Amino acid sequence: MPIFWIYYAVKELNMNRALGVTLGLLQLLSNILLAYFAYVNILNSSYNLIGSFIMYFLGFLGMSIIPSLIGYLAVNETGRKYIKSGLWLIGLILATYVMSFIGNFGLLSSPIVPFPYDTILVVIIGLVFHYLAVYSGFRTEEIENIVREQAQQD
């Protein structure tokens, strides 16, 4: 997402360059700090695993939602459409984090959702978010140009 703010939002969605670079760099820094937090606290079994995961989850939620809200307010109408149509991705990432933690492949000694139910649940979550992604999609100018070029070639 930092690349979206630094490059695309500035170039295509008329976001102020300073704001786009600031959002992108802050999000990148937050991501690095969250990765370090996860490495130190979640992967180290001497800490409270569930509490550390909740802190990490809330940190990721804030790192994703806050720039999206700021960006939503700072871009043109096309940009708002792009941001709204991409919110499903944040939900998918968060749902995947939770399932990775509480399922059989997570760090818990006794998973909350045992195998194979965790896998079945992940498939259902994936299908739900697939349909949300398809539903939120729209034809951009770039896609229209590609369709026109393909029609001309045929």
Side-chain angles (χ1 to χ4, degrees), residues 1-113 115 117-119 121-143:
M1 292 197 309
I3 294 172
F4 175 81
W5 299 120
I6 292 171
Y7 178 75
Y8 195 83
V10 170
K11 183 179 179 201
E12 298 293 330
L13 307 179
N14 298 328
M15 178 180 273
N16 176 288
R17 180 176 296 280
L19 179 60
V21 170
T22 301
L23 281 177
L25 292 177
L26 286 175
Q27 198 166 39
L28 180 63
L29 179 64
S30 298
N31 208 348
I32 292 168
L33 291 173
L34 278 172
Y36 178 75
F37 176 85
Y39 176 75
V40 170
N41 294 304
I42 295 175
L43 298 178
N44 183 343
S45 61
S46 65
Y47 288 98
N48 176 1
L49 191 60
I50 294 175
S52 294
F53 176 76
I54 291 170
M55 292 297 293
Y56 176 81
F57 183 84
L58 292 174
F60 185 85
L61 184 65
M63 179 200 69
S64 302
I65 297 295
I66 292 170
S68 297
L69 289 173
I70 293 170
Y72 185 83
L73 297 173
V75 297
N76 59 21
E77 194 59 39
T78 303
R80 288 187 181 100
K81 190 174 181 181
Y82 275 75
I83 292 170
K84 280 195 294 189
S85 73
L87 290 177
W88 66 268
L89 183 57
I90 295 171
L92 175 63
I93 292 169
L94 294 172
T96 303
Y97 277 167
V98 170
M99 284 308 302
S100 296
F101 186 75
I102 66 174
N104 196 50
F105 300 104
L107 298 172
L108 297 175
S109 56
S110 57
I112 297 170
V113 182
F115 182 81
Y117 303 108
D118 60 344
T119 304
L121 196 52
V122 166
V123 168
I124 293 168
I125 289 169
L127 285 171
V128 167
F129 280 102
H130 167 76
Y131 286 108
L132 283 172
V134 170
Y135 178 76
S136 70
F138 61 94
R139 284 191 171 221
T140 64
E141 185 178 323
E142 293 87 357
I143 292 173

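The first residue in the sequence is number 1, and the count goes up from there. Bear in mind the structure is a predicted one, so any value in this text is a computation, not a measurement.
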Sequence neighbours excluded, the answer for ring-ring contact (aromatic ring centres under 6.0 Å, His included) partners of F101 is F53

Among all residues two or more places apart in sequence or in another chain, which pass the side chain to side chain donor-acceptor pair (under 3.5 Å) test with Y7? K11

Would you mind writing out the side-chain donor-acceptor pairs for residues 14-24 within the sub-3.5 Å range, not counting sequence neighbours?
{"residue": "N16", "atom": "OD1", "partner": "A18", "partner atom": "N", "Å": "2.8"}
{"residue": "N16", "atom": "OD1", "partner": "L19", "partner atom": "N", "Å": "3.1"}
{"residue": "T22", "atom": "OG1", "partner": "A18", "partner atom": "O", "Å": "2.6"}

Could you tell me whether I3 atom CD1 has more than 12 heavy atoms of other residues or ligands within 6.0 Å of it? no

Walk me through it: do L87 and I90 pass the test side-chain contact (heavy atoms from CB on, under 4.5 Å)? CA-CA 5 Å; L87 290 177; I90 295 171; 4.2 Å; yes

Check whether any side-chain heavy atom of I83 lies under 4.5 Å from a side-chain heavy atom of L69, and answer yes or no. no

Applied to residues 96-106, the salt bridge (charged side-chain N to carboxylate O under 4.0 Å, His left out) test, sequence neighbours excluded, yields none

Within 6.0 Å of CG in L29, more than 12 heavy atoms from elsewhere: yes

Can you measure from CG (L33) to CG (L26) and round to the nearest 0.5 angstrom? 10.5 Å

Can you see which heavy atom on F129 is nearest to which on A95, and at what distance? CE1-CB, 4.0 Å

Output, in order, the C-alpha distance, side-chain angles, deciding distance and verdict of side-chain contact (heavy atoms from CB on, under 4.5 Å) for L94 and F57. CA-CA 8 Å; L94 294 172; F57 183 84; 3.7 Å; yes

Taking atom CG of L34 and atom CE of M63, what is their separation to the nearest 0.5 Å? 6.0 Å

Tell me, which pairs form a side chain to side chain donor-acceptor pair (under 3.5 Å) where one or both residues lie in residues 61-74, sequence neighbours left out? none

According to ring-ring contact (aromatic ring centres under 6.0 Å, His included), who are the partners of F115, at least two apart in sequence or on a separate chain? none

Give, for atom CZ of F105 and atom CG of D118, the distance between the pair rounded to the nearest 0.5 Å. 5.5 Å

Could you work out, with side chain to side chain donor-acceptor pair (under 3.5 Å) as the rule, every residue matching E12, not counting sequence neighbours? none

For I32 and L28, run side-chain contact (heavy atoms from CB on, under 4.5 Å): C-alpha distance rounded to whole Å, both residues' side-chain angles, the deciding distance at 0.1 Å, then the answer. CA-CA 6 Å; I32 292 168; L28 180 63; 4.2 Å; yes

To the nearest 0.5 Å, how far apart are CE in M99 and CD1 in I125? 5.0 Å

Please test I50 against L108 for side-chain contact (heavy atoms from CB on, under 4.5 Å), starting from the C-alpha separation and ending with a verdict. CA-CA 9 Å; I50 294 175; L108 297 175; 4.2 Å; yes

What is the minimum heavy-atom distance between G103 and P111, and which atoms define it? O-CB, 3.5 Å

4.5 Å side-chain heavy-atom contact, F60 and I93: yes

Tell me, which pairs form a side chain to side chain donor-acceptor pair (under 3.5 Å) where one or both residues lie in residues 85-107, sequence neighbours left out? Y56-Y97

ring-ring contact (aromatic ring centres under 6.0 Å, His included) with F138: which residues, sequence neighbours excluded? Y82

May I ask you to decide if P67's main-chain N or O and Q27's side chain share a donor-acceptor pair within less than 3.5 Å? no

Roughly how far apart are K81 NZ and L13 CG, rounded to 0.5 Å? 12.0 Å

Below 4.5 Å, heavy atoms only, C-beta onward: do V10 and W5 meet side chain to side chain? no

What residues, two or more places apart in sequence or in another chain, satisfy salt bridge (charged side-chain N to carboxylate O under 4.0 Å, His left out) together with E77? R80

Side chain to side chain donor-acceptor pair (under 3.5 Å) filter on T140, not counting sequence neighbours, yields E142

Listed partners of Y117 passing side chain to side chain donor-acceptor pair (under 3.5 Å), at least two apart: none

